[in-house]
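Here the structure comes first, spelled out in structure tokens, and everything after it is commentary.
As the structure is a computational prediction, the values presented were derived from the model and not from experiment. Along the sequence shown, the residues carry numbers beginning at 1. Because only heavy atoms are used, hydrogens play no part in the values below, and waters and symmetry mates are left out as well, while side chains stay in.
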Amino acid sequence: MGSRSEQLLNGGTQMKAVVYEGPRTVSVKEVPDARIERPTDAVVRITTTNICGSDLHMYEGRTDMESGRVLGHENMGEVIEVGEGVDLVKVGDMVCLPFNVACGCCANCNQGLTAFCLVANPAPGMAGAAYGFADMGPYNGGQAELLRVPWADFNCLVLPPDARDMSRQKDYVMLSDIFPTGWHATQLACVRPGDSVAVYGGGPVGLLAAYSAIIKGANKVMVVDRHPDRLRLAEQIGAIPIDDSKGSPVDQILEQTGGMGADRGCEAVGYQAHDPSGQEKAGLTVNNLVHSVRFGGTIGVVGVYVPQDPGAPDPLQKQGKVPFDFGMFWFKGQTMATGQCNVKNYNRQLMNLISTGKAHPSFLVSHELTLDEAPTGYQNFDARNDGWTKVVLHPDGRG
């Protein structure tokens, strides 16, 4: 029997995958197998993949995601085939894939800006690509049995031997996106030992931003949210839960910091922020951070904001514009840095923290499901139902 590519050429084979059908509708379907398309590709048998909060922007119909696309950008698994141009990655390696699809050779990649690769996204005027994501290139996602990985030598992070243990995969799969993205938030905010840190958003990225700040030696970390399950997890890792449904989060943070405000702030909510009454306000969390962070403090924004948002509730947001308290931001002399995470800048170091037992990002995993159960996972995660803090899928059925 020939390679998987030869099988496809001789009639093709099918794999199971989570497919976007339209707003709040995903299904598990048979689609053509992932296959080697270029000599630098690898094919990975996915063992563990996550539903990400960013997937919900597409699930809710707030993007131009095309129907029939395979979802999933938080992926890990076993290499089962490599192209003839792949030198470093071997069949049998357990690998984690950064959500950034990057060439490794362009001007941005050479500076470590893999989230803004100039080659991977063929759309005119665009930089940056990802698996299974709207406007981020043509690449199918990994909520599937198999995944094609372009530029495999560059994009595959080869994992330690214990990554074959399913119980360890819950930690290692977080290296694909949310652990590095949480860490990136603290880097953008310039978190240092002894700092006080305010994190807006207690979802997976916000919790891992808080976790990263704690690992870095922050003196006090506060997590703003209103969902009891998220606030419990924040407290579990040593952060101070701030429930914004019980009063102004700004006032609560000022009280925690002697009226001065936090040294650093991290935004992990994005353009679909809602106030406690359920009203959507795209600028809510960034403006709250301006008021929550001290004079001369720094803010890192990793929550997703988009250039156009046709599904937004007001005309300004439809254009991707956010009302911003720039006067107070300027008056306080603050600094803000933003943008998607360049995962490769951090994933190897964070892998070492996991492998030596110094980091356990799987603390936030609430559910492990089979691929067939993905629609249920999406529905509950999107509804923010109590206890659904992070959903992990196992395409091989070991949910």
Side-chain angles (χ1 to χ4, degrees), residues 50-54 56 170-171 174 178-179 181-183 185-186 189 191 195-216 218-258 261-270 272-281 284-289 291-293 299-304 359-367 377 379-392:
N50 301 336
I51 300 175
C52 179
S54 297
L56 300 182
K170 291 187 294 182
D171 284 315
M174 303 304 167
I178 58 172
F179 193 12
T181 297
W183 194 272
T186 66
V191 172
D195 281 341
S196 58
V197 182
V199 178
Y200 273 76
V205 168
L207 286 169
L208 287 177
Y211 192 57
S212 297
I214 291 167
I215 291 173
K216 288 184 172 186
N219 174 55
K220 179 179 287 189
V221 179
M222 299 152 282
V223 176
V224 178
D225 208 290
R226 65 190 67 110
H227 297 280
D229 51 353
R230 296 176 172 186
L231 293 172
R232 286 194 298 269
L233 284 174
E235 189 170 26
Q236 177 183 311
I237 61 172
I240 297 169
I242 303 289
D243 187 342
D244 71 347
S245 70
K246 295 182 178 179
S248 163
V250 175
D251 289 345
Q252 294 183 66
I253 289 168
L254 291 176
E255 183 178 354
Q256 288 284 343
T257 57
D263 298 308
R264 318 292 170 198
C266 297
E267 200 283 343
V269 179
Q272 286 184 261
H274 290 70
D275 66 18
S277 72
Q279 183 177 357
E280 185 173 321
K281 296 180 178 178
L284 178 66
T285 52
V286 288
N287 288 324
N288 277 343
L289 272 167
H291 292 272
S292 299
V293 171
I299 298 169
V301 180
V302 295
V304 173
H360 301 279
S362 63
F363 73 86
L364 51 79
V365 174
S366 59
H367 292 77
Q379 182 180 5
N380 283 281
F381 190 44
D382 180 58
R384 276 67 167 178
N385 286 334
D386 189 62
W388 289 78
T389 53
K390 184 63 176 178
V391 180
V392 173

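Shown here is E255, whose CD atom has no more than 12 heavy atoms of other residues, nucleotides or ligands within 6.0 Å. Atom CD of Q236 has more than 12 heavy atoms from other residues, nucleotides or ligands within 6.0 Å.
Of all the heavy atoms in Y200 and V269, the pair that sits closest is O-CG2, 3.4 Å. Of all heavy-atom pairs between V224 and P249, the closest is CG1-CB, 3.7 Å. Nearest heavy atoms, A213 versus V197: CB-CG2, 4.2 Å. Here the shortest heavy-atom pairing between V223 and G201 reads CG1-O, 4.1 Å. Contact detail for F363 and L233: the closest heavy-atom pair is O-CD2, 3.7 Å. Nearest heavy atom pair, residue L208 against residue P361, reads CD2-CB, 3.8 Å.
Atom-to-atom distance recorded for H367:NE2 and N380:CG is 7.0 Å, nearest 0.5 angstrom. Here the CD1-CG distance, from I178 to L207, works out to 9.0 Å after rounding to the nearest 0.5 Å. Here the straight-line distance linking atom CG of D386 with atom CG of D229 works out to 4.5 Å at 0.5 Å rounding. Within the model, atoms NZ of K220 and OG1 of T257 stand 7.0 Å from one another, a figure rounded to the nearest 0.5 Å. For the atom pair CD of Q379 and CH2 of W388, the computed distance is 9.0 Å after rounding to the nearest 0.5 Å. How far CZ of R226 is from NE2 of H274: 8.5 Å, rounded to the nearest 0.5 Å.
Using a 4.0 Å cut-off between charged nitrogen and carboxylate oxygen, R384 and D382 count as a salt-bridge pair.
In this structure, the side chain of T389 engages the main chain of L364 through a donor-acceptor pair within 3.5 Å. Formation of a donor-acceptor pair under 3.5 Å by the Q252 side chain with backbone atoms of D243 is found in this model. E267 places no side-chain N or O within donor-acceptor distance of the main-chain N or O of V286, the cut-off being under 3.5 Å. A donor-acceptor contact shorter than 3.5 Å links the side chain of K390 to the backbone of I51. Between the D275 side chain and the S277 main chain, a donor and an acceptor come within less than 3.5 Å of each other.
Within the 4.5 Å cutoff, the side chain of M174 has heavy atoms near those of the V365 side chain.
Relative ring orientation between F179 and Y211 is described as tilted, the plane-to-plane angle lying within the 30° to 60° band.
Between the side chains of D263 and S196, at least one donor N or O sits under 3.5 Å from an acceptor N or O.
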